[in-house]
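Residue numbers begin at 1 in each chain, while the letters A, B, ... track the order of the sequences.
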Amino acid sequence: MTEFATPRGTVDILPDDWAHWDFVVDTARRIAGLYGYRRIETPTLGDVSLYVRATGEATDIVQKEMYAFRDQGGDDLTLRPEGTAHVVRAYFQHVLNRLPQPVKLYYIERMYRREAPQRGRLREHHQFGCEAIGSADPAVDVEMLALLHQFYGALGLSGLTLHLNSMGDGACRPAYLQALTAYLQVHQAELAALDRERLSRNPLRVLDTKEARSQAVVAGAPSILDYLCIPCREHWHAVRAGLEALSIAYEVDPALVRGLDYYTHTVFEFQAPYEGAQSAVGGGGRYDGLAETLGAPPTPGIGFGSGIERLILTMKEQGVMPPPPARLRVYVAHVGQDAASAAGRVSTALRAVGVAVIMSFGSRSLKAQMKAANSAGAYYALIIGEDEVSTGTVTLRDLASGQQMTLPESEVAAAVVPWDTPPPGLETRDSK
RNA sequence: GUGACGGUAGCUCAAUGGCAGAGCCCCGGAUUGUGGUUCCGGCGGUUGGGGGUUCGAGUCCCCUCCGUCACCCCA
């Protein structure tokens, strides 16, 4: 232990963690590929004004969560707090709107938000995200939800619920907000104190209150879905029909509100079945107004982000194991000075033909080295002592069967077979 | 940012205000150059950090850091 540790809300990802990480990331890449999404990676740094414009002046991200600073040259920069803004920026910067539309992009990147850390809620976390830019077709929404549905299934997760809502658009949302606010104001006296406070700050938030006292009022509140304008309603019904055609279950959740200003039409969130505030494992929505906000031609788009740390938590919660990593093929044990140099020679020769080898270091007893071979999970131990050195041979021991044989150094590579499958045992060869 | 609860060995946890311990891990040994099980031994701690009360503090008090839960918000 030194006086230094990871900053609050950040973690080291240690070797033992990587079975989960590799599995999630590999699965993400594979599934994204199945749907024709191609990878993009944007800078960790971004202009502060990009996020102010994209996510909205009044959002929590902009108000209090960005790691923003002015650099030595006077530029106002921030660590990326979310994925969409940068990707949409890249789409226009590199004129991807001249490609066949929609352009479908995915990313696996680190996000930074200065929040109070909790389980599943870090200041630096990773998201797998997709963005489909350039089409307003509700079929794009449906396909993206199908992608997520398949992704979570491929991870082995179960019991996730898809919450679905429409946020309307510039034509219909203001009228709804007005109606909701008016309703809540009339019933203010029946609301819990906390919700009266929410009402003044962000009336939409009152809808997903946990206060028992407010439930009756909230139950009678007007629903956004009743206020959708005709295009919004058509889009909404098309998405629902599309999901039903694919037998993807969802729950209509008029209380589902997302915190970023750019959302329009479809919004969604996948919730893990366990209790707790961090049960949202992925979410997103359509952002047809975002491009204009950034000063680009009007361009529809939709995207999601899914938190890798939360996915891994959910996997562990549900006892889902990632595939075990490939086992070490050979552990090289040696006794004596001459044997040590022979061990180095053999190890290098084996690695040259693709065999994973761990060589013992220092001069430990053969017994200790055999223990190490065992706990390293090796298929074979290669033993080199005085006898072997004097005859130019090595002893190859199959650790599962205990069978062993001595063979010329030059024949080892052929005997151990460098592939990821368990190797053949030695019992077919004669051994002592 | 606010409130509540927690922090003892690498890990999981014990210890009435009175000698800081166990299990696991790691290292070594149980007759010659051979692992897993077993047995024995060893390493390992300024009890998160700082101050205070006390003859004496892991234990009580204050500050601080970190974690967890809730608010908030979300992935």
Original post:
Which listed nucleotide (B:G1, B:C73, B:U34) is nearest to the side chain of A:A116?
Top reply: B:G1

Subject >> Proximal nucleotide (of B:A75, B:U34, B:G36) relative to the A:N374 side chain >> reply: B:G36

Original post:
Which base sits across from B:A4 as a Watson-Crick or G-U pair, both distances under 3.5 Å?
Top reply: B:U68

Original post:
Can A:I384 and A:E409 be said to form a side chain to side chain contact (heavy atoms under 4.5 Å, CB included), step by step?
Top reply: CA-CA 10 Å; A:I384 308 175; A:E409 202 180 302; over 6 Å; no

**OP:** Indicate the ring-plane relationship of A:H235 and A:H265, choosing parallel, tilted or perpendicular according to the 30° and 60° boundaries.
**Re:** tilted

Original post:
What nucleotide among B:G35, B:A75, B:U34 has an atom nearest to a side-chain atom of A:L399?
Top reply: B:G35

**OP:** Just name whichever nucleotide pairs with B:C27, Watson-Crick or G-U, keeping both distances under 3.5 Å, else none.
**Re:** B:G41

Original post:
Closest to the A:T395 side chain: B:A75, B:G1, B:U34?
Top reply: B:U34

Subject >> Spatial distance of atom OH (A:Y380) from atom CG (A:L350) [nearest 0.5 Å] >> reply: 11.0 Å

Original post:
Taking the same atom, C1', in B:G67 and in B:U8, what whole-Å distance lies between them?
Top reply: 15 Å

Original post:
For A:R114, which contact category applies under a 4.0 Å heavy-atom criterion: base, sugar-phosphate, or nothing?
Top reply: sugar-phosphate

Subject >> Phosphate contact (B:G67 OP1 or OP2) by A:Q118 side-chain N/O below 4.0 Å >> reply: no

**OP:** Check every strand shown and say whether A:V281 touches a base, only sugar-phosphate, or nothing at a heavy-atom separation below 4.0 Å.
**Re:** sugar-phosphate

Original post:
For A:L311, which contact category applies under a 4.0 Å heavy-atom criterion: base, sugar-phosphate, or nothing?
Top reply: nothing

Original post:
How would you label the contact of A:E388 with the nucleic acid (heavy atoms, under 4.0 Å): base, sugar-phosphate, or nothing?
Top reply: base

Original post:
How do A:E82 and A:T10 order along RNA chain B: which one's closest nucleotide is nearer the 5' end?
Top reply: A:T10

Subject >> Listed nucleotide nearest any side-chain atom of A:A280, set B:A75, B:U2, B:G67 >> reply: B:A75

Original post:
In whole angstroms, how far is the P atom of B:C66 from the CG atom of A:L122?
Top reply: 14 Å

Original post:
Can you check the A:K64 NZ to B:G1 C1' distance for me, whole Å?
Top reply: 7 Å

**OP:** Among A:I383, A:D387, A:L407, A:L382, find the one that has a side-chain contact (heavy atoms from CB on, under 4.5 Å) with A:T395.
**Re:** A:I383

**OP:** Classify the nucleic acid contact of A:G9 as base, sugar-phosphate or nothing, counting any heavy atom under 4.0 Å across all strands shown.
**Re:** sugar-phosphate

**OP:** For nucleotides B:G50 and B:G33, find the distance between their P atoms and express it as a whole number of Å.
**Re:** 50 Å

**OP:** Could you point out which residue of A:Y35, A:F128, A:Y37 forms a ring pair (Phe, Tyr, Trp, His ring centres under 6.0 Å) with A:F151?
**Re:** A:F128

Original post:
Which of the following nucleotides, B:G33, B:A75, B:G35, is nearest to the side chain of A:I383?
Top reply: B:G33

**OP:** Determine the interatomic distance between C1' on B:G35 and the same-named atom on B:A20; round to the nearest Å.
**Re:** 36 Å

Original post:
Nearest to the side chain of A:Q127 - B:C73, B:G67, B:A75?
Top reply: B:A75

Subject >> Flag side-chain contact, heavy atom, 4.5 Å: A:V320 against A:L155 >> reply: no

**OP:** Scan A:G129 against the nucleic acid and name what it touches under 4.0 Å (heavy atoms): base, sugar-phosphate only, or nothing.
**Re:** nothing

**OP:** Would you mind building the protein contact string for nucleotides 25-31 of chain B? One character per nucleotide, 5' to 3', B for base within reach (heavy atoms under 4.0 Å), S for sugar-phosphate only, - for untouched.
**Re:** --SSSB-

Subject >> Nearest-nucleotide 5' precedence on RNA chain B, A:M370 against A:G307 >> reply: A:M370

**OP:** Side chain of A:P117 only, please: which of B:A75, B:G1, B:G67 is the nearest?
**Re:** B:G67

Subject >> Atom of A:L228, atom of A:G168 and distance for their closest heavy-atom approach >> reply: CD2-CA, 3.6 Å

**OP:** Ignoring hydrogens and angles, answer whether the base of B:U34 and the side-chain atoms of A:Q369 contain a donor-acceptor pair closer than 3.5 Å.
**Re:** no

Subject >> Carboxylate-amine/guanidinium proximity below 4.0 Å for A:E269 and A:R310 >> reply: no

Original post:
Do A:Y152 and A:S306 meet the criterion of a side-chain donor-acceptor pair at a distance under 3.5 Å?
Top reply: yes

**OP:** Write down the distance between CZ (A:R123) and P (B:C65), rounded to a whole number of angstrom.
**Re:** 11 Å

Original post:
Taking atom C1' in both B:G10 and B:C19, what distance in whole Å separates the two?
Top reply: 25 Å

**OP:** Would you mind reading off the distance between A:D16 atom CG and B:G10 atom C1', rounded to a whole angstrom?
**Re:** 12 Å

Subject >> Closest approach of A:N165 to A:L256 (non-hydrogen atoms, all atoms of both residues) >> reply: ND2-O, 3.0 Å

Subject >> Separation between the C1' atoms of B:U64 and B:C26, rounded to whole Å >> reply: 34 Å

Subject >> Nearest-nucleotide pick for A:R119, side chain only, options being B:U68, B:U2, B:C73 >> reply: B:U68

Original post:
Rounded to whole angstrom units, what separation is found between the CZ atom of A:R397 and the P atom of B:G35?
Top reply: 7 Å

Subject >> Euclidean distance, atom CD of residue A:E65 to atom C1' of B:C71 [Å, nearest integer] >> reply: 14 Å

Original post:
Using a cut-off of less than 4.0 Å, is there contact between a side-chain N or O of A:R121 and OP1 or OP2 of B:C69?
Top reply: no

**OP:** Let me know the distance between CE of A:M66 and P of B:G1, rounded to the nearest Å.
**Re:** 17 Å

Subject >> Under 3.5 Å donor-acceptor pair, A:R8 side-chain atoms to B:C65 base atoms >> reply: no

**OP:** Take atom CD of A:E115 and atom P of B:U68, then tell me their distance rounded to the nearest Å.
**Re:** 13 Å

